[in-house]
Structures are given as structure tokens and as C-alpha cells.
K.L.:
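Have a look at the structure that comes next, please.
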Amino acid sequence: MLYLCIEILTAIKRNNVQMHATTFRNLGNIMPGQWWQSLHRTMLRGVLGKTFRLVGYTIQYGCIAHCAFEYVGGVVMCSGPSMEPTIQNSDVVFAENLSRHFYGIQRGDIVIAKSPSDPKSNICKRVIGLEGDKILTNSPSDFFKSHSYVPTGHVWLEGDNLQNSTDSRYYGPIPYGLIRGRIFFKIWPLSDFGFLRDSPNGHRFSDD
Amino acid sequence: MLRGVLGKTFRLVGYTIQYGCIAHCAFEYVGGVVMCSGPSMEPTIQNSDVVFAENLSRHFYGIQRGDIVIAKSPSDPKSNICKRVIGLEGDKILTNSPSDFFKSHSYVPTGHVWLEGDNLQNSTDSRYYGPIPYGLIRGRIFFKILKRFSKVLIWLSEA
């Protein structure tokens with residue numbers, strides 16, 4: 001609003017200066033009606049021009065920021081108990097998106113992926129198995145061990161907090177295409193600042 | 001002279017990044033031109049047809065039954081597939097061929113869609129790899145621009 005007022009005042013001042021120059025040259029040739037019309041036109045054009053330029057800059061820098069987040073990485077806040085103790089509720093972490101594009105996600109990486117049961121939300125789990133790996137799919141207390149193989153183009157995700165995590169043991173392996181990025185660094189809380197630990201459930205890896 | 005050249009290079013790189021980002025966002029959020037290959041959508045889309053895909057429906061969750069969508073392939077994340085949406089989440093799908101005596105059906109889980117190609121005899125789709133998560137859908141095809149783009153290319157190279 002303030003900006004608009006300043007704009008109008010500058011337009012009036014500019015127009016006044018122009019008016020003075022022309023008045024000196026041809027006295028009495030300019031009607032008051034024309035003066036108001038030209039003032040309105042200049043103001044409107046100035047305001048419209050500035051608005052378009054502002055919108056243009058916003059779109060430009062918005063696109064650059066979006067591409068930076070999409071292709072390089074960004075800061076993410078995780079919520080939920082499924083990755084404790086590695087990532088607690090409301091921790092702030094740094095995620096990078098380059099591994100996904102270069103297909104460099106490996107076993108043991110913590111990834112952010114689109115949830116297969118709800119496309120609007122993201123999940124944050126550890127990669128336990130890549131395509132072709134043999135995964136134990138039952139809880140350790142069962143007598144009969146059952147296993148399955150991860151299909152091509154899919155990954156098997158599990159949270160670190162096995163008792164309280166909805167992951168591939170519930171909805172099966174997810175396609176690699178749903179992975180958004182890889183978490184590798186924790187920023188907040190400062191007491192836990194640094195690179196993330198390995199899985200506390202080492203025995204779940206598929207080579208056993 | 002070196003400073004001038006360096007300055008010019010940086011400015012060029014800066015402009016390239018800027019316009020590259022804007023173009024990428026335009027393709028990602030609005031739409032773009034796509035060339036389809038393969039026989040699985042005949043006769044609707046032939047091999048080497050050029051079509052126009054829009055990406056707004058995906059972001060506003062407006063994909064409906066009967067839409068032709070482009071999605072990342074669930075068996076190969078590097079390639080895309082182009083199929084028709086037969087069922088949304090919660091729909092009941094017949095999963096056997098019409099010649100089977102016993103009809104078997106399944107329900108599409110939440111957050112998934114069931115895709116089938118129009119050319120049922122020659123299409124690897126959800127009847128083979130099951131329903132795919134909605135998150136794999138990239139865009140919706142709604143407009144055909146050029147039939148048999150490869151024919152145009154061949155004609156141009158011969159002339």
C-alpha cells in the first residue's frame with residue numbers, strides 16, 4: 001500500500017515537471033481534462049509495469065529455488081517415532097536429492113519417499129534391501145522364517161524403531177520412483193548435530 | 001581481458017541456469033510435448049506419435065478413470081510408461097482374461113491406481129505388475145499433435 005502511494009506521488013511529480021516544461025512552451029494550449037487523462041495513463045502504466053516486473057522476478061526466483069530444492073537438496077523436518085533413536089520427532093535434517101537422480105541409493109541409507117498409501121505425504125525410512133535382495137518378512141519371534149525377494153525397480157524400507165513403524169513389512173516393497181531424497185545430516189537438535197548413525201538393527205540386512 | 005572473458009562466462013552461465021530452471025518448472029508444473037513409443041496403446045496412440053501432456057491434474061489430484069497418464073515404470077525407474085487409468089483406489093477390478101471360467105477380482109488399494117493399455121493383447125500393465133502408487137504418475141496426455149513423428153523425420157532426411 002505504502003509502495004503504491006509513493007508510486008503515485010512520484011508519477012504526479014514527474015507529470016508536474018513535464019507539465020511545467022510544456023506550459024512554458026505553449027501557454028494555454030492544454031485543457032485541464034487532458035491533463036487528468038495523461039496523469040491517469042502514466043500512473044496506471046507505471047503501476048502495471050512495476051507489478052509485472054515484480055511478478056516476473058517472483059516467478060524467476062521461485063523457479064530457481066524450486067530447482068535447487070529438487071535437484072540439490074534442502075532442509076526437512078521429520079515427525080513421528082518410526083526412526084527412533086536415529087531421528088527423533090521434530091528433528092530437522094538435511095536431505096540431498098542428487099543420489100536419487102544418479103541412482104546411487106544404497107542399503108543402509110535413510111531416504112524420504114512419497115507414501116505409497118497416501119500420495120500427499122512423505123515417509124522417512126531406512127533402505128534395508130535393493131532389487132533382488134532376499135528379505136526376512138516375519139517377526140523374529142515366529143517359528144517359521146518366511147522370506148521374499150525384492151522385485152526389480154523396488155526397494156524394501158524399514159524404520160529403525162521396528163515396534164512402532166509402518167513400513168514395507170506392512171505395505172510391501174515400494175517402487176524406486178517414489179524416492180525423493182536421501183537424509184545424511186542432522187541439523188537440530190544441536191546435541192545430535194552431525195552425520196547420521198548406522199542402523200541399530202544390523203541383523204535385519206539381507207545377507208544373513 | 002581475462003576479467004572480461006570470465007565476467008562474460010559467468011553471466012552466460014547465470015542466464016543458462018536461470019532460463020533452464022524456468023523451463024524445467026514449466027515442464028514440471030504445466031506440461032510439455034512427449035513422444036510415445038510402443039504398441040501398447042494402439043489404436044489410440046500409435047508408435048512414434050507426438051502428444052501433449054499436462055502436469056496440473058497430477059498436482060491437484062484430478063486424475064480420473066479413463067485418463068491416459070504417463071507414469072514412471074514400477075519395474076524400471078529410468079523409463080516412463082503410458083497407459084490408461086482403469087480404476088482408482090477402492091475400485092473393484094477384474095484381474096483375469098475374459099476366457100477364464102472363474103472370474104477373479106481384486107480391489108485397488110488406497111493411494112494406488114490400476115493401469116491398462118488400450119491394446120490388451122500387447123500391453124504390459126497392471127495385469128502384470130499390479131496396481132501402481134499414485135505418486136509415480138507424472139502427467140496426463142490429452143492432445144495428439146503429430147501422427148507418426150518418425151515418418152516426418154524419415155521424410156525430412158530423404159529430402
Side-chain angles (χ1 to χ4, degrees), chain A residues 55-72 97 99-105 111-123 125 127 130-132 148-157 166-168 170-182, chain B residues 13-30 55 57-63 69-81 83 85 88-90 106-115 124-126 128-140:
Chain A
V55 169
Y57 279 135
T58 314
I59 292 180
Q60 226 174 26
Y61 292 121
C63 289
I64 294 175
H66 166 83
C67 286
F69 279 124
E70 166 110 359
Y71 284 103
V72 180
N97 298 336
S99 309
R100 160 173 80 113
H101 285 104
F102 293 114
Y103 301 99
I105 301 282
V111 295
I112 299 177
K114 266 197 223 173
S115 166
S117 26
D118 178 17
K120 297 184 181 144
S121 61
N122 295 324
I123 58 174
K125 308 283 176 209
V127 173
L130 300 173
E131 57 187 16
S148 63
Y149 289 91
V150 180
T152 46
H154 287 66
V155 293
W156 186 274
L157 303 180
T166 318
D167 45 39
S168 286
Y170 171 71
Y171 42 68
I174 71 162
Y176 188 99
L178 287 179
I179 294 178
R180 310 285 304 280
R182 183 177 74 100
Chain B
V13 170
Y15 278 134
T16 314
I17 292 182
Q18 226 174 29
Y19 291 120
C21 289
I22 294 175
H24 166 83
C25 286
F27 279 124
E28 166 109 1
Y29 285 103
V30 181
N55 297 336
S57 310
R58 160 173 81 115
H59 285 104
F60 292 113
Y61 301 99
I63 301 281
V69 296
I70 298 176
K72 266 198 226 176
S73 165
S75 26
D76 178 17
K78 296 184 180 142
S79 61
N80 294 325
I81 57 174
K83 307 283 176 210
V85 173
L88 300 172
E89 58 187 14
S106 64
Y107 289 92
V108 181
T110 45
H112 288 65
V113 293
W114 186 273
L115 302 180
T124 318
D125 45 40
S126 286
Y128 171 71
Y129 44 66
I132 72 161
Y134 188 99
L136 287 179
I137 294 179
R138 310 284 305 280
R140 184 178 74 99

K.L.:
Within the supplied structure, the quantity of interest is the number of heavy atoms (other residues, nucleotides, ligands) at a distance under 6.0 Å from B:Phe60 CZ; does it exceed 12?
P.N.:
no
K.L.:
Is there a side-chain contact between B:Cys25 and A:Cys67 (heavy atoms, below 4.5 Å)?
P.N.:
yes
K.L.:
Mind checking whether A:Pro175 and B:Leu136 have side chains closer than 4.5 Å, heavy atoms only?
P.N.:
yes
K.L.:
Under a 4.5 Å heavy-atom cut-off, does chain A meet the side chain of B:Pro74, its backbone, both or neither?
P.N.:
both
K.L.:
Which one of B:Tyr29, B:Tyr129, B:Tyr19 has the most heavy-atom pairs closer than 4.5 Å to chain A?
P.N.:
B:Tyr29
K.L.:
Considering residues, nucleotides and ligands other than A:Tyr57, do more than 12 of their heavy atoms fall under 6.0 Å from its OH?
P.N.:
no
K.L.:
Please name all residues satisfying salt bridge (Lys or Arg N to Asp or Glu O under 4.0 Å) with B:Arg140, sequence neighbours left out, ordered by chain then number.
P.N.:
B:Glu54, B:Asp67
K.L.:
Can you say whether A:Arg100 sits under 4.5 Å from chain B via the side chain, the backbone, both, or neither, judging by heavy atoms?
P.N.:
side chain
K.L.:
Considering only heavy atoms from C-beta outward, does the side chain of B:Lys72 approach that of A:Tyr176 to under 4.5 Å?
P.N.:
no
K.L.:
Taking atom CD of B:Glu89 and atom OG of A:Ser117, what is their separation to the nearest 0.5 Å?
P.N.:
10.0 Å
